[in-house]
**Q** 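This is the structure I want to talk about, given as structure tokens.
Worth saying up front: this structure is predicted, and the values here are computed from it rather than measured. When a residue number appears, it is its place in the shown sequence, counting from 1.
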Amino acid sequence: MCGIAAIVSHQAVNQDLFDALTVLQHRGQDAAGIVTCEGSRLHLRKENGLARDVFTNAQMLKLRGNMGIAHVRYPTAGCTSSAEAQPFYVNSPFGLTLAHNGNLTNTEELKKALFVEDQRHINTDSDSEVLLNVFAHELQSLGKLQLSVDDVFQAVAGVHRRCRGAYAVVIMIAGFGILGFRDPHGIRPIVFGTRNSKEGSEIMMASESVALDVLGFNLVRDIQPGEAVFVEQSGQLHTRQCAEHIDHSPCIFEYVYFARPDSIIDRISVYKARLRMGEKLADKILREWPDHDIDVVIPIPDTSRTSALQLANKLGVKYREGFIKNRYIGRTFIMPGQQMREKSVRQKLNAISLEFEGKNVLLVDDSIVRGTTSAQIIQMARDAGAKKVYFASAAPPVRYPNVYGIDMPAAHELIAHDRTEQEVCEEIGADHIIYQDLGDLIAAVCKGNPDIKHFDTSCFSNQYVTGDIDDAYLARTEALRNDSAQTERNSENFIIEMQNCA
């Protein structure tokens with residue numbers, strides 16, 4: 001999962017792009033990058049680290065220009081080398097830079113075609129670089145010396161024909177404009193909006209509407225599945241549907257965990273969706289466990305707070321904040337490597353003993369993925385004096401890998417894979433476990449937009465919306481992207497980078 005942003009303005013965009021990245025930082029903490037365009041010249045800065053650490057004042061001053069794109073990375077393919085920080089750049093044709101959120105599912109096939117047929121060299125393991133080169137080839141194959149908006153949309157249509165998987169993309173064409181588009185399933189989110197200035201209208205695209213809100217842009221709408229939005233450097237806006245077939249299937253995990261609650265994605269308020277998740281979960285408890293002895297409901301901060309509050313209200317049980325979060329520790333789910341995730345839990349949370357001592361506590365989390373974090377938090381509750389510790393998940397059991405840009409690559413690393421709910425309960429050390437039903441989760445989310453008929457629920461249901469995922473693909477993905485493989489690659493890259501520094 002990553003965060004992307006793009007702005008076409010009549011004034012310098014470097015500060016606005018930086019502010020957008022800080023708002024989208026929850027979508028990726030591994031690397032950050034900004035590229036701006038001054039006339040027809042590009043200025044790029046990208047590196048591993050949080051946005052606040054990657055960009056110094058001196059570097060920001062070098063990012064001159066009135067249009068640009070930006071990216072925060074959370075690696076789901078390739079590795080955590082700084083070489084794979086985005087935006088990516090190719091000089092031909094016209095000078096293109098790209099920022100991408102998602103994951104292609106036919107990367108290896110595309111790599112071969114790019115090398116053998118298109119004669120393009122791919123320098124990293126990133127599918128985003130592949131995507132950029134596919135677009136570049138489609139644009140170049142038109143053979144135009146003078147680029148037109150129609151040419152840009154034709155190139156996007158070519159991308160849709162060749163690329164499979166999830167992609168929300170912004171591409172800047174040096175001296176010409178900025179393009180945003182979304183895969184035909186609309187798996188990953190991207191919105192656009194406008195802001196009025198003295199010089200005229202300005203346009204911004206971003207992964208989430210909250211980035212537009214913070215910068216004073218008014219949300220126009222989501223970019224639709226298969227649609228492309230192009231903004232000329234002058235500010236002129238163009239839109240076109242570029243896919244032959246669309247099947248709107250947004251990722252439901254955006255609403256469960258990734259997106260900020262103050263965002264609106266595909267016309268659905270993330271906050272209200274999480275409120276409804278809490279209501280559905282409370283209904284299940286009242287239906288299946290009417291004689292419960294829960295004394296207090298305590299959320300595991302931050303993403304579960306909304307669901308936990310509504311659940312407590314529906315049950316008529318006290319809601320309390322029992323864990324205090326260290327704001328300077330990142331989101332453990334998106335930290336690379338299991339050892340780092342485990343180490344960070346007790347650094348991130350501390351229990352308030354007064355809220356646990358002698359009570360039957362229901363802990364509420366947005367989901368249970370690997371389970372190690374849940375087990376440690378349950379033990380913290382017991383150490384704080386809880387009499388019984390129950391655990392509720394606002395999402396169903398995560399049993400299958402996600403291949404569309406979320407770091408759930410290896411089935412054996414998922415605690416619910418090949419385990420019953422009772423076995424999960426025993427594994428994490430809870431006295432009782434309550435999972436959301438998949439039907440209830442879908443109902444909680446789609447109530448905000450009845451036009452969406454189905455969602456990507458692959459990590460819960462094993463149903464992959466792109467239709468090209470089989471056991472062989474999952475086995476290859478697991479071999480490349482499980483924790484041990486990532487740790488080995490990251491160690492190799494660390495050694496290489498240290499040698500380069502020397």
**Q** Are the charged groups of Arg27 and Glu208 less than 4.0 angstrom apart, N to O?
**A**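 Judged by the 4.0 Å cut-off on N to carboxylate O distance, Arg27 and Glu208 do form a salt bridge.
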**Q** Are there more than 12 heavy atoms of other residues, nucleotides or ligands under 6.0 Å from atom NZ of Lys111?
**A**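 Check passes, neighbour count above 12.
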**Q** I would like to know whether Arg476 and Glu108 meet salt bridge (Lys or Arg N to Asp or Glu O under 4.0 Å); could you show each step before the answer?
**A** CA-CA 11 Å; Arg476 289 194 303 271; Glu108 294 307 313; over 6 Å; no
**Q** For the residue pair Glu478 / His412, report whether a side-chain donor-acceptor contact shorter than 3.5 Å exists.
**A**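 Side-chain D/A pair, His412 to Glu478: present.
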**Q** Mark yes or no for whether Glu129, through its side chain, and Asn123, through its backbone, hold a donor-acceptor pair below 3.5 Å.
**A**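 Judged by distance alone, yes, a pair lies under 3.5 Å.
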**Q** List the steps and the verdict of side chain to side chain donor-acceptor pair (under 3.5 Å) for Gln140 and Ser92.
**A** CA-CA 8 Å; Gln140 193 164 33; Ser92 178; 2.9 Å; yes
**Q** Can you label the angle between the Phe153 ring and the Phe230 ring as parallel, tilted or perpendicular, going by 30° and 60°?
**A**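 Aromatic pair Phe153/Phe230 classed perpendicular.
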**Q** Is the shortest side-chain heavy-atom distance between Thr303 and Phe258 below 4.5 Å?
**A**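 With C-beta onward as the side chain, the pair stays apart.
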**Q** Are Ser209 and Phe217 packed together at the side-chain level, in the sense that at least one heavy-atom pair is separated by less than 4.5 angstrom?
**A**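 A side-chain contact under 4.5 Å is absent here.
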**Q** Looking only at atom types and distance, does a side-chain atom of Tyr255 sit under 3.5 Å from a main-chain N or O of Ile265, one as donor and one as acceptor?
**A**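 Confirmed, Tyr255 side chain pairs with Ile265 backbone.
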**Q** List the atom of Ala85, the atom of Arg73, and the distance in Å for their closest heavy-atom pair.
**A**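 In this case the closest contact between Ala85 and Arg73 is N-NH1, 3.4 Å.
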**Q** Can a donor-acceptor pair be found, under 3.5 Å and without considering hydrogens, that links the side chain of Ser304 to the backbone of Val364?
**A**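 At least one qualifying donor-acceptor pair exists.
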**Q** Taking all atoms of both residues into account, what is the closest heavy-atom pair of Pro189 and Asn101, and its distance?
**A**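 Taking Pro189 first and Asn101 second, the nearest heavy atoms are CD-ND2, 4.2 Å.
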**Q** Just how far is it from atom CZ of Arg221 to atom CD of Glu227, taken to the nearest 0.5 Å?
**A**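 It comes to 4.0 Å.
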**Q** Does a side-chain N-to-carboxylate-O contact under 4.0 Å join Asp118 and Arg162?
**A**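 Answer for the salt bridge query: yes.
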**Q** Do Ser126 and Glu84 have side-chain atoms, one donor and one acceptor, less than 3.5 Å apart?
**A**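 The criterion, which ignores hydrogens and geometry beyond distance, is not satisfied for Glu84 and Ser126.
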**Q** Indicate yes or no for a side-chain donor-acceptor contact from Ser263 to the backbone of Pro261 under 3.5 Å, with no hydrogens or angles considered.
**A**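 Not confirmed, Ser263 side chain does not pair with Pro261 backbone.
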**Q** What's the verdict on side chain to side chain donor-acceptor pair (under 3.5 Å) for Asp468 and Thr105, showing C-alpha distance, side-chain angles and the deciding distance?
**A** CA-CA 8 Å; Asp468 59 340; Thr105 56; 2.6 Å; yes
**Q** With side chains defined as the heavy atoms from C-beta onward, is the minimum distance between Val152 and Leu147 less than 4.5 Å?
**A**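 Yes, at least one pair of side-chain atoms sits under 4.5 Å.
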**Q** Distance check, rounded to the nearest 0.5 Å: Leu98 atom CG versus Phe135 atom CZ?
**A**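 The CZ atom of Phe135 is 9.0 Å from CG of Leu98, to the nearest 0.5 Å.
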**Q** Side chain of Lys348, backbone of Asn326: donor and acceptor closer than 3.5 Å?
**A**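 Side chain of Lys348 to backbone of Asn326, a donor-acceptor pair under 3.5 Å: no, none is there.
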**Q** Using only atom types and a distance under 3.5 Å, with no angle test, would you say the side chain of Ser307 pairs donor to acceptor with the backbone of Arg274?
**A**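 Between the backbone of Arg274 and the side chain of Ser307 there is a qualifying donor-acceptor contact (under 3.5 Å).
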**Q** Could you tell me if the side chain of Leu237 sits less than 4.5 Å from the side chain of Ile203, heavy atoms only?
**A**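 Yes; the side chains approach each other to less than 4.5 Å.
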**Q** Pick out which of Arg182, His100, His160 makes a side-chain hydrogen bond (donor to acceptor under 3.5 Å, both in side chains) with Tyr167.
**A**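 Only match with Tyr167 under side-chain hydrogen bond (donor to acceptor under 3.5 Å, both in side chains): His160.
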**Q** From Ile69 CD1 over to Cys37 SG, what is the distance, rounded to the nearest 0.5 angstrom?
**A**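 Here the rounded value is 10.5 Å.
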**Q** Working note: Lys112 + Glu117, criterion salt bridge (Lys or Arg N to Asp or Glu O under 4.0 Å); need CA distance, chi angles, decisive distance, verdict.
**A** CA-CA 8 Å; Lys112 291 177 183 177; Glu117 300 170 19; over 6 Å; no
**Q** Evaluate Ser393 against Asp365 for side chain to side chain contact (heavy atoms under 4.5 Å, CB included), listing each step before the verdict.
**A** CA-CA 5 Å; Ser393 168; Asp365 207 351; 5.9 Å; no
**Q** Leu17 and Gly68: which non-hydrogen atoms are nearest, and at how many Å?
**A**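 Residues Leu17 and Gly68, closest heavy atoms: CD1-C, 3.6 Å.
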**Q** Considering non-hydrogen atoms only, spot the tightest contact between Ala6 and Val170 and give its length.
**A**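 Smallest interatomic distance, heavy atoms only, reads CB-CG1, 3.9 Å.
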**Q** Supply the atom-to-atom distance Cys163 SG to Leu110 CG, rounded to the nearest 0.5 angstrom.
**A**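 Those atoms lie 5.0 Å apart.
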**Q** Give the C-alpha distance, both sets of side-chain angles, the deciding distance and a yes or no for side chain to side chain contact (heavy atoms under 4.5 Å, CB included) between Val72 and Cys2.
**A** CA-CA 6 Å; Val72 285; Cys2 301; 5.7 Å; no
**Q** With a cut-off of 6.0 Å (strictly less than), are more than 12 heavy atoms of other residues, nucleotides or ligands near OH of Tyr89?
**A**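 Yes - once you tally the heavy atoms of other residues, nucleotides and ligands closer than 6.0 Å, there are more than 12.
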**Q** Does the pair Tyr400 and Ser461 meet the rule for a side chain to side chain contact (heavy atoms under 4.5 Å, CB included), with working shown?
**A** CA-CA 7 Å; Tyr400 307 100; Ser461 64; 5.9 Å; no
**Q** Where the side chain of His417 meets the backbone of Arg399, is there a donor-acceptor pair that is under 3.5 Å apart?
**A**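 Checked: pair present.
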**Q** Mind listing the closest non-hydrogen atom pair of Ala70 and Leu21 along with its distance?
**A**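 Residues Ala70 and Leu21, closest heavy atoms: CB-CD2, 3.6 Å.
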**Q** Using every non-hydrogen atom in the two residues, find where Asp151 and Leu139 come nearest and quote the distance to one decimal.
**A**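 Between these two residues, the closest heavy atoms are O-CD1, 3.7 Å.
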**Q** Rounded to the nearest 0.5 Å, what's the gap from CD on Gln15 to CD1 on Ile34? Could you check?
**A**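 Between atom CD of Gln15 and atom CD1 of Ile34 there are 8.5 Å.
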**Q** Does the salt bridge (Lys or Arg N to Asp or Glu O under 4.0 Å) test come out yes or no for Arg267 and Asp222, once each step is laid out?
**A** CA-CA 8 Å; Arg267 306 202 327 262; Asp222 302 87; over 6 Å; no
**Q** Rounded to the nearest 0.5 Å, how far apart are CG of Asn449 and CG of Asp266?
**A**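 If we round to the nearest 0.5 Å, Asn449:CG and Asp266:CG are 7.0 Å apart.
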**Q** So, His248 versus Gln224: side-chain donor-acceptor pair below 3.5 Å or not?
**A**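 Result is no, nothing qualifies.
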**Q** Taking the side chain from Arg195 and the backbone from Asn218, do they hold a donor-acceptor pair closer than 3.5 Å?
**A**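 Absent.
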**Q** So, does Tyr74 use its side chain to make a donor-acceptor pair with the main chain of Asp407 at under 3.5 Å?
**A**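 A pair under 3.5 Å: yes.
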**Q** Side chains of Val229 and His238: does their closest heavy-atom pair fall under 4.5 Å?
**A**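 Heavy-atom side-chain distance check fails, nothing below 4.5 Å.
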**Q** Is a donor from one side chain sitting under 3.5 angstrom from an acceptor on the other, for Ser128 and Gln86?
**A**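 There is such a pair between these side chains.
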**Q** Just by distance, with hydrogens left out, do Ser141 and Glu138 show a side-chain donor and acceptor under 3.5 Å apart?
**A**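 Looking only at side-chain atoms, Glu138 and Ser141 do not form any donor-acceptor pair under 3.5 Å.
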**Q** Between Arg240 and Gln154, is there a side-chain donor-acceptor contact under 3.5 Å, judged purely by atom types and distance?
**A**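 Side-chain D/A pair, Gln154 to Arg240: absent.
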**Q** Do Thr97 and Ile171 have side chains that approach each other closer than 4.5 Å (heavy atoms only, starting at C-beta)?
**A**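 Thr97 does not reach Ile171 side chain to side chain.
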**Q** Under 3.5 Å, is there a donor-acceptor pair linking the side chains of Tyr404 and Thr466?
**A**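 Per modelled atom types, Tyr404 and Thr466 side chains form a pair under 3.5 Å.
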**Q** Is it the case that the side chain of Ser269 and the backbone of Lys272 share a donor-acceptor pair, with hydrogens and angles ignored and the cut-off at 3.5 Å?
**A**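 Flag set: sc Ser269 to bb Lys272 pair under 3.5 Å.
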**Q** Report yes or no: do Thr107 and Asp127 form a side-chain donor-acceptor pair below 3.5 Å?
**A**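 No, no side-chain donor-acceptor pair sits under 3.5 Å.
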**Q** Could you check whether Glu202 and Thr194, counting side-chain N and O atoms only, form a donor-acceptor pair closer than 3.5 Å?
**A**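 No, no side-chain donor-acceptor pair sits under 3.5 Å.
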**Q** Would one find more than 12 heavy atoms of other residues, nucleotides or ligands at under 6.0 Å from atom CG of Asp470?
**A**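 More than 12 heavy atoms, drawn from other residues, nucleotides or ligands, come within 6.0 Å of this atom.
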**Q** Evaluate the side-chain proximity of Leu96 to Leu132: yes if any heavy-atom separation is below 4.5 Å, no if none is.
**A**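 Touching, per the 4.5 Å side-chain cut-off.
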**Q** Does a side chain donor of either Arg188 or Asn103 reach within less than 3.5 Å of an acceptor in the other side chain?
**A**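 No.
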**Q** Could you tell me whether the side chain of Pro397 reaches within less than 4.5 Å of the side chain of Ile368, counting heavy atoms only?
**A**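 Answer no - side chains too far apart.
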